[in-house]
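Note that the structure is a prediction, hence the values are computed from the model and not measured. Residues take their numbers from the sequence shown, with the count starting at 1.
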Amino acid sequence: MADANPTSAALIERSNRLGADPKNTNYAGGNTSAKGTATDPVTGQPVELLWVKGSGGDLGTLKESGLAVLRLDRLLALKDVYPGLEREDEMVAAFDYCLHGKGGAAPSIDTAMHGLVDAAHVDHLHPDSGIAIATAADGEALTATIFGDKVAWVPWRRPGFQLGLDIAAIKEANPQAIGCILGGHGITAWADTSEEAEANSLWIIETASAYIAEHGKSEPFGGVRSGFEALPEAERRERAAALAPTIRGIASHDRPQIGHFTDADVVLDFLASEKAPALAALGTSCPDHFLRTKVKPLILDLPATASVDEQIARLRELHQEYRADYQAYYDAHATSDSPAIRGADPLIVLIPGVGMFSYGANKQTARVAGEFYVNAINVMRGAEALSTYSPISDAEKFRIEYWSLEEAKLQRMPKPKSHQGRIAFVTGAASGIGKAIATRLAAEGACVVIADLDLEKAQAAAAELGNTDVAIGVAANVADADAIQAALNAALLAFGGVDLVVNNAGLSLSKPLLETTEKDWDLQHDVMAKGSFLVSKAAARALIDQKLGGDIIYISSKNSVFAGPNNIAYSATKADQAHQVRLLAVELGEYGIRVNGINPDGVVRGSGIFASGWGANRAATYGVAEEDLGQYYANRTILKREVVPENVADAVFVLTGPELSRTTGLHIPVDSGVAAAFLR
């Protein structure tokens, strides 16, 4: 911002630099602040302010709007009304009375730390190396050994006003210190200038990292477990795709989740190690970690050499054990005023030899949860290299996870869109009707896989919808079973599963019977009749394994019931598709999978089929100019209105939304009313 205060502008620059490097802090983790002077617009006099990263923001992408701005005199005055540890949560609401002006972000729970510490610039970060020291059993002694008197030790305390007072007192008692290690949590550094604060933060992080590298054990996780080593890349990714639907169903027992998969070396090496099961059972420690990953993961206790069926059976058993264990954790620590349990399913599922599946309400949340567990692995490695990993207790984790302030933050989240948590696989989606469907579903919150014969066009269409947290493009020749499975596997690894399949891929050749060749017939039936069958068959396996129900939509045609001229091959294959809807609705209904169809007509605008020659042929058949074909189709309808791709997308949205949850085996005409195509 051109009119930004120089102090806040320097803070933004420092924050972005620190947040850009994952060794310094995790996504949306940590916070930074600066104290300085501005002019009070009411009095025209100087006023001392605190700029601090607001609640929920990310340092790497922080902007001026992401800062909370408070009057320092009022914030410091809160010390005089602080009611004590038992009522410290009340102080968060009091921050609102310290705000300077309108706008800006809501103050976070760490605001007190930044305001009460007597330093102009303060950084609170969650570096893996720092948390490794913070979670070591002898972290206090290690802090003294590694940093001398330049860094103080602060015993674990839940973030809040009292922690701010504690750190302020420790800084006052240790004037030579440049920062502290927060037990079980992270680091805090301070200085008189922004440049010095950044340098102090980096010095603590790099000194801890260097000490671990120089003095740590060479194999902190122990030796390798035979049979638990990483499978070859192609084999492990094939195994991951085979397991993905079952694991997503496990993670989505209480509410639908989107998934993310990684087979990074750091994950595979950890899962192959002797200590992995015991360390995983201890759970994570840093609040940012376990709020994203739950207190502990579900880890498969079978080797990579076990069969897929054996692994699936064991995962289902472990899921029941996990749910019982989580319920016991909740029951052991909940009080009468605790929020209700938020679900007992794992958010991190670890498969030795294969990799890690992480889950969240959307793709970004799922991906970040996986990144946080990688942070946790790095923390455990560092702590075990020097000492013994010793995270905060389950009781303290519960106090964070089911904190009233955390619950309030969750309640402020916007209401999810109708298709959030759903994964759509749309064939022929790089243009025309398929692209309109993909666009509508993404706008309604779904993750979308754009499958098309042309990979480059599929990827370009996906990029128009957003980044890979929203949509991906994959190559898919729907007439080839192996190509379909490869495309579906890509969807399973990208988003964890599939919920909504749209059989839209198609083409058409307009010829009379005597000019229709066997090749013409086979081509259209291969793409639409056989192609829809192959896509539905491959997707049904995943849908059934997930046990979450789902939708299969066929984009058929008015021609499936209407006998038009010069159209034998196209209309016959559309009739085939239409009956597949009825057959699969009956067969898949027991799994909660709904199968419905849409019969469009006259979709000329934006249509790949019409642009490829079909439009010219149909225009010649009807004796009109090709550019007038859309209006010709409209004029012959009851409503006299042209049908466009977005109208078909609207029908897909309605059929797959919550309003028609009891509808299956239905065909919806989207043709502006063609009496000859009325369904009887």
Side-chain angles (χ1 to χ4, degrees), residues 11 13-34 53 58-62 110 113-114 117 119 121-136 138-154 156 159 167 170-171 174 176-216 220 266 284-289 371-372 374-387 389 391:
L11 172 61
E13 293 174 4
R14 176 173 105 236
S15 302
N16 292 164
R17 286 192 297 270
L18 288 170
D21 191 336
K23 77 177 177 59
N24 298 332
T25 200
N26 39 252
Y27 174 81
N31 30 68
T32 52
S33 68
K53 192 204 86 169
D58 173 56
L59 288 176
T61 56
L62 185 65
D110 287 317
M113 177 196 306
H114 292 273
V117 169
H121 299 269
V122 178
D123 296 334
H124 168 58
L125 304 171
H126 298 150
D128 295 346
S129 62
I131 306 175
I133 308 304
T135 56
D138 52 350
E140 183 172 6
L142 282 170
T143 299
T145 299
I146 297 169
F147 306 106
D149 63 359
K150 289 186 67 175
V151 176
W153 171 263
V154 179
W156 160 260
I167 297 174
I170 286 174
K171 180 186 181 303
N174 297 272
Q176 77 288 348
I178 64 168
C180 58
I181 299 291
L182 307 179
H185 187 164
I187 74 166
T188 297
W190 49 74
D192 293 331
T193 70
S194 185
E195 293 78 8
E196 289 172 337
E198 183 175 357
N200 288 344
S201 293
L202 295 176
W203 182 83
I204 294 172
I205 294 166
E206 291 162 2
T207 299
S209 180
Y211 188 89
I212 293 169
E214 183 178 352
H215 298 278
V266 62
T284 53
S285 186
C286 176
D288 264 20
H289 292 182
E371 292 171 2
F372 273 65
V374 168
N375 290 135
I377 291 172
N378 292 334
V379 166
M380 289 186 280
R381 181 190 298 106
E384 287 288 315
L386 298 178
S387 175
Y389 174 63

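- Side chains of Asp192 and His121: a donor-acceptor N/O pair is absent below 3.5 angstrom, by distance only.
- Looking only at atom types and distance, the side chain of Ser15 has a donor-acceptor partner in the side chain of Thr32 under 3.5 Å away.
- Closest non-hydrogen pair, Ile167 versus Cys180, comes out as CG2-SG, 4.1 Å.
- Proximity of a side-chain donor or acceptor of Asp58 to a complementary backbone N or O of Gly19 within less than 3.5 Å is not detected.
- No side-chain donor-acceptor contact under 3.5 Å links Glu371 to the backbone of Tyr27.
- Listed by first and then second residue, the salt bridge (charged side-chain N to carboxylate O under 4.0 Å, His left out) pairs involving residues 176-186 amount to none (not counting sequence neighbours).
- Using a 3.5 Å distance cut-off with no hydrogens or angles, the side chains of Thr193 and Glu196 do pair a donor with an acceptor.
- Separating the OG1 atom in Thr188 from the CD1 atom in Ile181 is a distance of 9.0 Å, to the nearest 0.5 Å.
- Checked by atom type, the side-chain pair Ser387/Asp138 shows a donor-acceptor distance below 3.5 Å.
- In this structure, CZ in Phe147 is found 9.5 Å from CG in Leu142, a value given to the nearest 0.5 Å.
- Shown here for Ala152 and Ile170, the closest heavy-atom pair between the two residues is CB-CG2, 3.5 Å.
- A 4.5 Å side-chain heavy-atom check between Asn16 and Leu62 finds at least one atom pair inside the cut-off.
- Annotation for Gln176 and Asp149: closest pair NE2-O, 3.1 Å, computed over non-hydrogen atoms.
- Considering OH of Tyr389 and CD of Glu384, their distance stands at 9.5 Å, rounded to 0.5 Å.
- By the 4.5 Å heavy-atom criterion applied to side chains, Asn375 and Ile131 are not counted as neighbours.
- Ile377 contributes atom CD1, which lies 11.0 Å from atom OG1 of Thr284 (distance to the nearest 0.5 angstrom).
- We find that Lys23 and Glu206 are joined by a salt bridge, their nearest charged nitrogen and carboxylate oxygen being less than 4.0 Å apart.
- Between the CD1 atom in Ile204 and the OG1 atom in Thr143 there is a gap of 10.0 Å [rounded to 0.5 Å].
- A side-chain contact (heavy atoms from CB on, under 4.5 Å) with Ile205 is found for one member of Asn200, Asn24, Thr25 and no other, namely Asn24.
- Between Arg14 and Asp123, at least one side-chain nitrogen of the basic residue sits less than 4.0 Å from a carboxylate oxygen of the acidic one, meeting the salt-bridge criterion.
- By the salt bridge (Lys or Arg N to Asp or Glu O under 4.0 Å) test, Lys150 is found to be paired with no residue, residues two or more places apart in sequence or in another chain being considered.
- Put simply, the side chain of Leu386 reaches to within 4.5 Å of the side chain of Ile212, judged on heavy atoms.
- Across every non-hydrogen atom of Trp156 and Gly183, the tightest pair is CE3-O, 3.2 Å.
- Note on ring orientation: taking the six-membered ring where Trp is involved, the planes of His126 and His185 are tilted (angle from 30° to 60°).
- For the salt bridge (charged side-chain N to carboxylate O under 4.0 Å, His left out) condition, no pair includes a residue of residues 177-189, sequence neighbours left out.
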- Message: Under the criterion side-chain contact (heavy atoms from CB on, under 4.5 Å), I'd like the reasoning laid out for Trp153 against Leu182: C-alpha separation, chi angles, the key distance, then a yes or no.
- Response: CA-CA 6 Å; Trp153 171 263; Leu182 307 179; over 6 Å; no
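- Across every non-hydrogen atom of Gly29 and Leu59, the tightest pair is O-CD1, 3.8 Å.
- Ser285 places none of its side-chain heavy atoms less than 4.5 Å from the side chain of Val379.
- Remark: side-chain polar atoms of Ser201 are not paired, donor with acceptor, to backbone N or O of Ala189 under 3.5 angstrom.
- Atoms OG and NZ, from Ser33 and Lys53 in turn, are 11.5 Å apart once rounded to the nearest 0.5 Å.
- Remark: side-chain polar atoms of Asn378 are not paired, donor with acceptor, to backbone N or O of Ser129 under 3.5 angstrom.
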